[in-house]
Amino acid sequence: MQKNQVRKAVIPVAGFGTRLFPATKVVKKELFPIIDRDGRAKPVILAIIEEAISAGIAEVGIVVQPDDREIFEDLLKNPPKKELFKKLSPQNQEYSRYLEDLGSKITFLLQEEQLGYGHAVFCAKDWVQDEPFLLMLGDHVYASDIQKSCASQLLDVYEQVNQSVVSLTTTPAEILHTAGCVTGVWQELNSILEVTQLYEKPTIEYAQQHLHVEGMAENEFLCIFGLYLLSPKIFDFLAEHINQNLRERGEFQLTSSLDRLRQEEGITGYVVKGKCFDTGLPDTYRQTMIDFRNF
Ligand code: UTP
């Protein structure tokens, strides 16, 4: 294995999905169906896993609540019941076999207590070990504008810059309060950014004062797109936050540890050529259902 080859992806799916209550009382948001570009009805998590595998990732670690493990295993590890399998079209039977192969690349990791996104990432530490890894949000799916998928684009940039990379998208000021935001200095205009600050869910006033990026409109900022290529050093900073009980809004978040990682090793931002679909809110989920299939 080459020193910096990225082999592993981590997908945390252990949150409660409160913004999609009451549906999430019975269905995990990462299992909500979407219609993919191949026309299949897939649980969101499956489209995310396929994005990772098609980018060349060999192993996927999925962080689950202990009680949810069985349902994810049912989807990703167990074949369908014989009676169902027999009734499937030949194409879907073939897809079902392919799913079993996909399942062999998946490991379940447990988050015993729901202490936040950053804490969920920390739960993957022992599985990731000392390798760079791709981190993917459990409620976002991606459509590339170019031949190369969004995750592949990120892997390419990582190879080029040889430090952690966060994927970015241009975001209007009105939705900054929902996202992790960055600022920095362009290395390649409108594409590759040396990140100089990361800030979780800023107010518009804070963003206007501190997060403006040269050449961008007054009311547009760069926010994280849901994909990260991270050095394993991130676990040291997450451990520090957890040991010192440094919580934000009651939870251990990722962004503050990312900012520590930036100070220590540097972080590159990459404006992805593509679109990110958020399925974690009622209206963005609805929009994903409409737009994703034909994007
Ligand atoms: P979100 O910020 O979307 O949180 O998590 P959430 O709890 O799932 O949803 P809301 O905000 O209550 O509606 C981002 C990702 O991190 C996972 C989620 O499953 C999601 O994929 N996560 C979050 C965990 O795995 N564990 C946590 O404790 C929190």
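Since we're looking at a predicted model, the values are computed, not measured. We count ligands from 1, going down the list as the structure has it; atoms in each ligand are counted the same way.
Exactly one residue among Thr24, Thr279, Asp139 makes a side chain to side chain donor-acceptor pair (under 3.5 Å) with Lys29. That residue is Asp139.
Note on residues 12-71: pairs passing ring pair (Phe, Tyr, Trp, His ring centres under 6.0 Å), not counting sequence neighbours, are Phe32-Tyr285.
Salt bridge status for Lys275 with Asp145: absent, with no side-chain N to carboxylate O gap under 4.0 Å. Classification of Asp36 and Lys42 as a salt-bridged pair holds, one side-chain N sitting under 4.0 Å from a carboxylate O.
Under 4.0 Å from any atom of ligand 1, one finds heavy atoms of residues Pro12, Val13, Ala14, Gly15, Phe16, Gly17, Thr18, Arg19, Lys29, Glu30, Gln111, Gln114, Leu115, Gly116, Tyr117, Ala120, Leu137, Gly138, Asp139.
To the nearest 0.5 Å, atoms CD1 (Ile242) and CG (Leu238) are separated by 5.5 Å.
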Evaluation steps, side-chain hydrogen bond (donor to acceptor under 3.5 Å, both in side chains), between Glu220 and Thr170: CA-CA 6 Å; Glu220 285 189 339; Thr170 304; 5.3 Å; no

